[in-house]
Amino acid sequence: MAVAQVIIDIPAQQTNRPFDYEVPENLTALAVPGVRVLVPFGRSGHLRQGFIWRVVDKSDFAGQLKPVARILDLDPVLNQEMLALAKWLAQDTFSFLISCLQTMLPSALRANYQRRFHLLAPLAANDPLQALLDREDSGLIPDNIAADLLAEIKRLEQKGQLTIDYQISQKTKIKQEKVFKTSLTSDQYQGLRQSVRANAKQQLLLLDFLIAQAPFVGNSATWLVKVPGLKAATLSQAVKKGWLAAEEKEVYRQPLTEVTATTPKKLTSEQQAAFTTIIKSMDQAEHTTFLLEGVTGSGKTEVYLDAMQHALAAGQTALMLVPEISLTPQMVERVQGRFPGQVAVLHSGLSVGERYDEWRRIERGEAQVVVGARSAAFAPLKKIGIMILDEEHESSYKQEDMPRYHARDVLLKRAETYHCPVILGSATPSLESRARAQKGRYQLLRLTKRPNTIQMPQVNVIDMRQADKIAGKSDLSKQLVDQLNLRLERHEQSVLLLNRRGYANFVLCRDCGHVIKCPNCDISLTLHRDTNSLKCHYCGHQEAIPSACPQCHSQNIRSYGSGTQKVEQEIQELLPTARILRMDVDTTARKGGHERIIKQFGAHQADILLGTQMVAKGLDFPDVTLVGVINADTSLSLPDFRASERTFQLLTQVSGRAGRADKQGEVFIQTYNPENYAIQLASAQNYEAFYQKEMGIRHQGGYPPYYYTILISVNHRQEDQAVQKIYQIQNWLQPQLSEAAVVLGPTARMITRINNQYYYQLIIKYKSEPRLLKALQTLIMKMQSKTNRGFQLRVDREPMQFM
DNA sequence: AGCACGCCGACT
DNA sequence: GTCGGCGTGCTC
């Protein structure tokens, strides 16, 4: 009898190896690697979801095998390539196989475990469990259930008064909407209208609506009930009375925006040269990595599109990743316009079901081109001919939780399988990539000119130590405000970058110096004017603004430092006619909020777009002639060796937003460090010089790309526990490293406490440590044991954030 | 995460 | 002697 090796979804994930299960005779045809199965697990025998990893003839397991309970897929959801990719990913990122497999799939295919209790005997009069039964999903035990309720459930279960069952429901994969059909004629509704009690407001409202729908009555027209004021309960009552017929109807979610087909633009000679090199590599099926370094506006996208076209012409597919933030309608329309009907889009704005639909279209081969954010690196395309990573320096390509993968590494790995080239594109490549191009591991392609003779913007650095400042508004120089005013008069648009959201940075008592801090984190709270509250940007804690100092009760408490909200208010006071749009986490958090703001600004419904980093990325507004950076220094002062690189990239990018069409753009950068090289070289738009200078610094400090880095971080509710553990880890790890490896720390993280967890960390810098990876795998396993309960360990290879 | 096994204390 | 506390370790 066949034996399936199954990777199981165990919540605690204490294991990383497959478990063997017997395949019942009638399921052997379906039991192939990559299909999802339900298997009994543990003494309880509760079913869990898993993936068949391999099918073998005989098990090495000495005990009695349990049988596979159910096979969930007719065709594997993960093919051989994906399974191999998962294995590599798990090793490369120190994560569990199961989490890698899950990450590759749309969440609609992930198991959704539910615990539900059923009463066998009536509850006591005031039993707290009654509250759970009264909810709509009667008897469902929520994951975040209060401990005392859970204890009560356990108690009753032991007394035999209730049972708990465990269900695995697949999250809805097919979008279903409740649709109501009229089941009576208009006349019959009229009749009912007469007989219903006069105070049955809801029923009358419904009947009036049904009568008004008369033209539809009698035919099969279905309609969605969206009558204002009508409650869902009334509808279900109406169904019971036979007034209406309800049914679940599958709805296709493809918000098909009308796209006009576009034709390829003629390439400039530089673009043509890059394109020719790339397609040569495609034709020869080489997995070359190209670093396409092109200044903003030099037309990288046109090269991507032509390369993708070349793949399609050869019967292959194309995968293009862009940062989430630049996956705007502008970008999507551009790709869809070029390849109408062939494009699937994957981004976080899609619902679970929409994502699944797009994933299916890709998997079935109905879409040959995929545009998406980070996780689209796992798009189930076959016969990939070209892969593109736009804005390759963006840190959002690195996933911050398990598995901590970098989309770039995934693409490069897949390129080996498909023998196809990868294009990494950026105006300001990451130092890692640029250095690899230097060493010849990547092939460097350059686009140095903007087509249509658009000039590079003129960049001015304003020295805030000497600049005229507007009285009382210490963050705005007179020069910048004059420039804003000038654009306002000319009916041109401006973009302002301020790297801090909220209203004020912190709230301080002028008498005793007390700063109001988050009760859960070691960080001061940020003042938000719109909600009139103090917020913690790390844990989300929110509290009212106190009228007196909590320490000395003085009324003399003030806020310091400017955030987007305050600057918005200040500019509004200075330029009363200006229409200002604010774009930051607070205004874009809701679904579609980001798009809405971009659309509004693009449609000239505002004169000034003021926002955090996100205004710098991927936006293309032709009428913006002024870009202002209010505080270029905030990102510089961070204790992170990448601070200069980030500042340079941000300033260069935001500068590129100015003057893209026929109008010359101007950039003003306010700074207290005007002589800093990152600011100087960004204003000169000189990437090469920055690269040389920064490489020198990295070499001296022994930082990437000269060294590999690994961050090991431990957190615990109690500080002394976290400290003890990190030293214990260091003592264990150090002897396994060579002399050449450098261990920084242990140190407390910059913000030591977040959400009442204390964080301590170690950074290992190394060039070649053959034993390190194995040791870290062991460490992860050791940390899973019960003696280490309460600790969380994080092993992050090439971390983006060192703080 | 569950669930059982097992090794110690306070009771019929 | 045994009932049950929850520390420890396994789950095919």
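Order of the sequence lines sets the chain letters (A, B, ...), proteins ahead of strands, with each chain counted from 1.
- As a whole-Å value, the separation of A/Arg54 CZ from C/dC12 C1' is 15 Å.
- The listed nucleotides are B/dA1, B/dG2, C/dC12; the one nearest the side chain of A/Ile10 is B/dA1.
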task: Go through the steps to decide whether A/Phe61 and A/Phe19 satisfy the test ring pair (Phe, Tyr, Trp, His ring centres under 6.0 Å), and finish with yes or no.
output: CA-CA 9 Å; A/Phe61 183 65; A/Phe19 289 90; 8.4 Å; no
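- For the pair A/Asp9 CG and C/dC12 P, the computed distance is 15 Å after rounding to whole Å.
- Atom OH of A/Tyr21 is separated from atom P of C/dT11 by 11 Å (rounded to the nearest Å).
- One interatomic measurement links the two molecules: CZ of A/Arg48 to P of B/dC3, which rounds to 11 Å at whole-angstrom precision.
- By the stacking rule of 5.5 Å between ring centres and under 30° between planes, A/Phe19 does not stack on the base of C/dC12.
- Taking atom CG of residue A/Leu47 and atom P of nucleotide C/dC12, one finds them 12 Å apart after rounding to whole Å.
- Here C/dC12 presents its P atom at 18 Å from CE of A/Met1, a figure rounded to the nearest Å.
- Mapping A/Arg43 and A/Ile8 onto DNA chain C by nearest heavy atom places A/Arg43 closer to the 5' end of the strand.
- Relative to the ring axis of A/Tyr21, A/Lys66 does not place its NZ or CZ within 45° and under 6.0 Å from the centre.
- Rounded to whole angstrom, the span from the NZ atom of A/Lys66 across to the P atom of C/dT11 amounts to 10 Å.
- In this structure, the CD1 atom of A/Ile98 is 15 Å from the C1' atom of C/dC12, given to the nearest Å.
- Heavy atoms from other residues, nucleotides or ligands lying under 6.0 Å from OH of A/Tyr766 number more than 12.
- The side chain of A/Phe41 lies closest to C/dT11, out of B/dG2, C/dT11, B/dA4.
- Of the residues listed (A/Asp9, A/Asp75, A/Asp73), the one engaging A/Arg36 in a salt bridge (charged side-chain N to carboxylate O under 4.0 Å, His left out) is A/Asp73, and it is the only one.
- At the heavy-atom level, A/Glu22 lies nowhere under 4.0 Å from the strands shown.
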